Structures are given as C-alpha cells and as structure tokens.
Amino acid sequence: MAGASSSSPDVGEDPGLQPQRSALAWSRTSLAVTANAVLILQREIHQVAGLFTGFLALAIAAATLVIGRRRHVTLSQRPLPDGLAAPIPVHLLGWSVVVLSFVTSGLLVFA
Amino acid sequence: MGTKGGVDLFGCQRMVDMTAQGDREPDQRFTLANERTFLAWIRTALSLLAAGVAVVQLVPDFAVPGARKVLGVFLAALAMLTAATGVLRWDRVECAMRRSMPLPRTRVPWIIAAVLVIIATASLVLLALPDR
C-alpha cells in the first residue's frame, strides 16, 4: 500500500501510510484495554480483587498509550530509521494481556 | 539485533547455526504489518476477555446454575491463548522475515474457531432450556 506521491522511483522504499496505521493500531488497542477496565470496574469496584484487576487493566491501557505515542514519534521520521522491530513493547503488552486475562478469569470464578 | 544480552527476543535461537548467513533487516513495511497483526491478535484477545466478563456480570442467569461462570472462564482462557499466540507468532514471523524464510503456519485460529463454535452451541442449548 504505497503512497500516491512516491518521492523515490523504487516503490519498495516508500512506507506509504503504514507508519500512521501502525501508530493508530496502538491507540486502538489502548482503547480496547480501557473498555475492559471499565467493564471490570463497573461491577467489581466494591471488592479489592476487582479494584486490583480494574487498575491493572488501566495501567496496561496507559502503558499502551505511551508506547503508541513513542511509536508515533519514531514512525514520523523520514526516512524511517533502521531496526523498526520493537520486541520489548510487543512482549510487554502481549504478556501483560495474558496476565490480565488470567487474573480476570480468577475474578470471574471467585466473584 | 536478533539477540540482546542472551535474551532471545526474536525467537531465532533455535536456528542459531544459521546466523552465519547473517540476519537481514526486512522491508520496513513487513515489520510494521507484523506489528499490526500482533496488535490485532491482542485486540481479539481483549474482545474475548470482555465477552467473558460480560457473560458473568451482565447476562441473566441460565437455568443451569454456574453455567455463566463456566462460559466466562472459557472465554477468558481463550483470551490467554489468543494473546500468547500473538506474541509467539510476532517472534516467529519476525525471525522468518530476517532469514528470508517462508512464514510459519499456525493452527491456533482453527482452535479458536472450534472453541467458539462449542461455546456458541452451549449458549444456544442453555438458552433453550426451560427455567427449572
């Protein structure tokens, strides 16, 4: 999906709209985590376990938002820097969501 | 950048004997596409988790006591599987692209679909059961 106005004759060098789409995908994911936080806090705020789980979700949402902003800054550079792969943010978010799902399932069982 | 301080960030350790050929930075668009695919896996996991919470908290109880909790926990477990798959797949795809190898295959979408069909069927049965 290369941009219409390619400054380089080689289409492969034009990142097109991919950097914007990637930065937006992080924001969208942050919203999805926030929705979970709201859903948990809405009904479970009166107990410590629910409060903990809800705030864990809020913390993940905030971290995802920060990563998205940093990603946006990185991906706004032209030309794009080398080594774009971001293993640490990917692992941080991915395993956090695994832990959040595990804690939430415990909440659902014992609530 | 494949390995940092012994940490196998790209999951390329298994093919360490091939490092002689050297890692090549893949096309940036492929790297970004891989990242967005990972985020899509994570959002799928979050949707499944939200569905699990909603089943337990917002849906009126079925005729079978405890059925909501079982459905909710199934969905949360599916969310764990989906999120973990997203991370592991990001690693493997990143590794394959660096080695110019074919992208790895996965059966996990098949498993997710099968479990969702089971959950949907169970929900239908529960809804059809008469109260008491």
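Since the model is a prediction, treat every value here as computed from it, not as a measurement. Chain letters run A, B, ... following the sequence lines, proteins first and then strands; every chain starts at 1.
- A:Glu44 and B:Gln57 share a donor-acceptor pair across their side chains, judged by distance under 3.5 Å alone.
- Looking at heavy atoms from C-beta onward, B:Val55 lies out of side-chain contact with A:Leu108 at the 4.5 angstrom threshold.
- The same ILVMFWY cluster, assembled from side-chain heavy atoms under 4.5 Å apart, contains both B:Phe74 and B:Phe62.
- Clustering ILVMFWY residues whenever any of their side-chain heavy atoms sit less than 4.5 angstrom apart, transitively, puts A:Leu41 in a cluster other than the one holding A:Val38.
- Looking at A:Pro89, neither its backbone nor its side chain comes within 4.5 Å of chain B, counting heavy atoms on both sides.
- When B:Val53, B:Val73, B:Leu88 are compared by the number of non-hydrogen pairs under 4.5 Å with chain A, B:Val53 comes out ahead.
- Considering all non-hydrogen atoms of both residues, A:Arg71 and B:Leu32 come closest at NH2-CD2, 4.4 Å.
- Counted within 6.0 Å of CZ on A:Arg78, heavy atoms from surrounding residues, nucleotides or ligands total more than 12; the atom is thus considered enclosed.
- Proximity to chain A is limited to the side chain of B:Ala45, based on heavy atoms less than 4.5 angstrom apart.
- When heavy atoms are compared at a cutoff of 4.5 Å, A:Arg28 approaches chain B by way of both its backbone and its side chain.
- Looking at B:Arg36 and A:Gln18, their side chains come closer than 4.5 Å, going by heavy atoms from C-beta outward.
- Using cut-offs of 30° and 60° for the angle between ring planes, the A:His91 and B:Trp90 rings count as perpendicular.
- The cluster map of Ile, Leu, Val, Met, Phe, Trp and Tyr, joined by side-chain heavy atoms under 4.5 Å apart, puts B:Trp110 and B:Trp41 in different clusters.
- Shortest non-hydrogen contact noted between A:Val98 and B:Met80 is O-CG, 3.7 Å.
- Per-residue counts of heavy-atom pairs under 4.5 Å with chain B were compared for A:Gly94, A:Ala57, A:Ala35; the largest is that of A:Gly94.
- In this structure, B:Val64 is a member of the same hydrophobic cluster as B:Val59, with clusters built from ILVMFWY side-chain heavy atoms closer than 4.5 Å.
- The two residues A:Val90 and B:Phe38 come nearest to each other via the heavy atoms O-CZ, 3.2 Å.
- Chain A forms the most heavy-atom pairs under 4.5 Å with one residue out of B:Thr31, B:Ile42, B:Leu39, and that residue is B:Leu39.
- Looking at A:Thr104, only its side chain comes within 4.5 Å of chain B, counting heavy atoms on both sides.
- Neither the backbone nor the side chain of A:Pro79 comes within contact range of chain B; no heavy atoms are under 4.5 Å apart.
- Heavy atoms of A:Leu75 lying under 4.5 Å from chain B belong exclusively to its side chain.
- Here the rule is side-chain contact (heavy atoms from CB on, under 4.5 Å) with A:Ser101, and of B:Leu49, B:Leu81, B:Leu75 only B:Leu49 fits it.
- A heavy-atom distance below 4.5 Å is found between the side chains of A:Leu39 and B:Leu58.
- Scanning all heavy atoms of the two residues, the minimum distance from A:Ser22 to B:Glu35 falls at CB-OE2, 4.4 Å.
- Comparing B:Ala84, B:Pro26, B:Gly72 by how many heavy-atom pairs each has under 4.5 Å with chain A, the most go to B:Ala84.
- Across A:Ala32 and B:Leu46, no two heavy atoms sit closer than the pair CB-CD1, 3.7 Å.
- Within the 4.5 Å cutoff, the side chain of B:Thr82 has no heavy atoms near those of the A:Val97 side chain.
- The main-chain N or O of A:Leu80 is found under 3.5 Å from a side-chain atom of B:Gln28 such that the two form a donor-acceptor pair.
- Options B:Leu48, B:Asn34, B:Leu78, B:Val56 differ in how many heavy-atom pairs under 4.5 Å they form with chain A, and the most are formed by B:Val56.
- Clustering ILVMFWY residues whenever any of their side-chain heavy atoms sit less than 4.5 angstrom apart, transitively, puts B:Ile119 in the very cluster that holds B:Val70.
- For the set B:Ala40, B:Ala77, B:Ala83, the entry with the most heavy-atom pairs within less than 4.5 Å of chain A is B:Ala83.
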